[in-house]
Chemist: 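To start, I am sharing the structure in question, which I have written as structure tokens.
Counting begins at 1 with the first residue of the sequence. Quick caveat, the model's predicted, so the values are computed rather than measured.
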Amino acid sequence: MSQSYRPKPGEIPTEPGVYRFRDQQRRVIYVGKAKNLRARLSSYFQDVGNLHQRTATMVATAASVEWTVVKTEVEALQLEYSWIKEYDPRFNVKYRDDKSYPWLAVTVGEEFPRVMVGRGAKRRGTRYFGPYSHAWAIRETVDILLRVFPMRSCSNGVFKRSQQIGRPCLLGYIDKCAAPCVGNVSAEEHRAIVDDFCEFMAGRTAAFTKRIEKEMYAASDDLDFERAARLRDDLGAMQKALEKQAVVLGDGADADVIALAEDPLEVAVQVFYVRGGRIRGQRGWVADRTDDGGTPELVDDFLLQLYAGEPDSVPREILVPELPPDVATFEQLLSDLKGSKVAIRVPQRGDKKLLQENVARNAVEALALHKTKRASDLTTRNQALAEIADALGLDEAPLRIECYDVSHIQGTEIVASMVVFEDGLARKGEYRRFVIRDQEGSDDVAAMHEVITRRFRRLLDEQARSEERMGDDGPMLVDPDTGRPRKFAYAPGLVVVDGGAPQVAAAQRALDELGIDDIPICGLAKRLEEVWLPGEPDPVILRRSSEGLYLLQRVRDEAHRFAIAHHRGRRSKSMVESLLDDVPGLGEVRRKTLLRHFGSLKKLREAEVEEIAAVPGIGPRTATAIKDAVTAGDATARTRTGKTTSS
């Protein structure tokens, strides 16, 4: 990697500042900030082997670096945001909406403001609430609230036509608009209605409900029952609107609750906007990971892009999964933008912790949905397979990919998984599980050798049997008796193993020992997402945005998930069997019946004696003994845990 543009250390100042890397065409490709410019920039020009792959790619792509010194770290944050917005550098993390969210907008800049639901970029002179998950939900809420706050909601065309003919539209007749178009209320009176509506939507609801309640009782005391009934209905409408927004924070806090879901290539962010203790909106983003930063750096990038350009959206409290590297500087910047104190915190317990866990689940689902949509596109799948073939030097695209993963805990219950993707899509009916028989301890390499040997010995056996029956017509891939595909009769176009060079070498050795030389193998190492080939000293590096890398990663992750699920099942089964070994009259057959009936140790623990006795072959006396054995096992486990903790 050429570093001919590396500045001399003495030339770089030690003050805080912002720096820009440019490529040969003078385009800005990366913007960063630093407390100490010299220390930060020097870290980019160390041995390339010590750099994260994405960082190394950025430094190699660059042809020059320049910097600007600032007085404070807050100024550095502000300048960094300005440059990212101005130059849109390719190596900076850029969060993009994973869909277009609807806003509730009030055009406060107009003489007669209107309320409307819309999407897209924000406009000056308009106050926004949300965003919301569904447009229909917010339209329904607005329709309810218009009877309490009868502000204008019609288009400019309808408003002008009503002015010309001197007659309001239908909303004016049904008391869902104060009809400023025909002078029923003045601009000032209509503005007061708009202000009340905005205050209610901003979360300050208690004052309005108390005021209307007070007016309702006053009207009733004055025997003005018609007005009292109308105020009662208004109060009911407000309560109905509030019921749609459940209270999640009992202290009535104003907070943005942020959570991230990450993998080595992408990050998804979800935000719940809580105002007055109620969820007022939700929004999500997805971004490609472009550097080696962890969760604190991702939070740093996200907060800067979310708030620096929109000071009106900064809440009093921001709840994050991990604090950004310099949280005090960020709090000062956001406090300056808002004009009042802003706190950034990681919730530790209570309602805020539970709410963030809920937001985190939304982020995980959003990332999985994003990947599924990407993987399901035919053009994208074809591109991914072509990129894999090109990167690995294959003669043709690997239409069938098999991936293998080994799972164990401290060398016990060693299992392996085989997952199959055909044409870039999972074929779950083809998945297989293996119990490792010949290995003890945690030798993943030996376990991988055993799995590949067993799978491809079955392939050779199936091919031999089918050729015997079919003669010169070629191998028989479908069982003539059942009409189903033979389990191991298909040869994959590519074998992927979860791991690096050692696992790949073990898999290749297994194929060599079987005399198979026409099935390519690669390994995907999780730490840097490197692709390893047999006998090669260096890995193949697929570019960060490669569809081929996304597919390999998805295949590897699915194999890992499938192996973990198998391992948990085996572990649960062995725990049940060990607990029930000493139960009198309970042999192997009835133990298996018990396992099939309840499915897991957890469900057996939760079962009552009567439920256990209902299992075929298990009487009341045996059921009582089983319940006692499981209870005693739980007590022993708790005692061991307590001893471990206290030591």
Side-chain angles (χ1 to χ4, degrees), residues 349 353-354 357-358 361 364 404-419 428-444 446-448 450-451 454-455 458 487 498 558-647:
R349 63 186 69 84
K353 178 67 173 176
L354 292 173
E357 290 172 354
N358 186 27
R361 285 192 290 272
V364 170
Y404 298 83
D405 182 39
V406 174
S407 177
H408 61 83
I409 291 182
Q410 296 179 345
T412 63
E413 296 289 348
I414 308 174
V415 299
S417 67
M418 163 186 150
V419 301
K428 296 195 175 183
E430 300 284 316
Y431 288 12
R432 296 292 178 263
R433 294 178 170 128
F434 299 84
V435 177
I436 305 302
R437 305 172 183 142
D438 303 333
Q439 306 297 329
E440 292 184 2
S442 55
D443 190 345
D444 287 356
M448 186 63 72
E450 179 183 332
V451 171
R454 287 166 57 185
R455 185 269 181 265
R458 285 287 303 272
K487 287 184 178 180
D498 181 15
E558 178 69 354
H560 184 65
R561 179 200 65 78
F562 195 54
I564 289 293
H566 184 201
H567 184 264
R568 285 173 180 160
R570 293 277 305 177
R571 195 167 72 243
S572 177
K573 179 180 178 182
S574 65
M575 289 175 69
V576 172
E577 290 178 344
S578 64
L579 283 173
L580 303 180
D581 277 345
D582 298 328
V583 175
L586 191 66
E588 183 179 351
V589 173
R590 288 203 284 178
R591 277 206 307 267
K592 288 182 177 178
T593 303
L594 203 63
L595 274 171
R596 279 196 301 270
H597 183 86
F598 289 103
S600 70
L601 178 59
K602 180 182 178 183
K603 290 184 178 178
L604 179 59
R605 281 193 185 111
E606 295 170 351
E608 299 296 334
V609 173
E610 294 76 14
E611 295 175 273
I612 299 173
V615 177
I618 308 291
R621 183 180 299 175
T622 306
T624 302
I626 291 170
K627 185 67 176 178
D628 291 343
V630 174
T631 304
D634 287 348
T636 303
R638 282 194 295 271
T639 302
R640 287 174 180 166
T641 303
K643 288 179 180 178
T644 303
T645 305
S646 63
S647 63

Chemist: Assign the ring pair Phe434 / Tyr404 to parallel, tilted or perpendicular, where the plane angle (0 to 90°) is split at 30° and 60°.
Modeler: tilted

Chemist: With sequence neighbours excluded, what pairs up with Asp405 under the side chain to side chain donor-acceptor pair (under 3.5 Å) test?
Modeler: His560

Chemist: OG of Ser417 to CZ of Arg432: how many Å apart, nearest 0.5 Å?
Modeler: 12.5 Å

Chemist: Ignoring hydrogens and angles, tell me if any N or O in the side chain of Glu611 forms a donor-acceptor pair with the backbone of Glu608 under 3.5 Å.
Modeler: yes

Chemist: Does Thr622 use its side chain to pair, donor to acceptor, with the backbone of Ile618 at less than 3.5 Å?
Modeler: no

Chemist: Where do Val609 and Pro620 come nearest, in terms of heavy atoms and distance?
Modeler: CG1-O, 4.4 Å

Chemist: So which atom in Ala613 and which in Ala623 form the shortest heavy-atom distance, rounded to 0.1 Å?
Modeler: N-CB, 3.6 Å

Chemist: Looking at CG of Asp498 and CE of Met448, how far apart are the two atoms once the value is rounded to the nearest 0.5 Å?
Modeler: 6.5 Å

Chemist: Rounded to the nearest 0.5 Å, how far apart are CG of Asn358 and NZ of Lys353?
Modeler: 13.0 Å

Chemist: With the side chain counted from C-beta on, respond yes when Glu558 and Lys428 share a heavy-atom pair under 4.5 Å apart, and no when they do not.
Modeler: yes

Chemist: Take Arg433 and Phe562 through the side-chain contact (heavy atoms from CB on, under 4.5 Å) test and state the conclusion after the steps.
Modeler: CA-CA 8 Å; Arg433 294 178 170 128; Phe562 195 54; 3.4 Å; yes

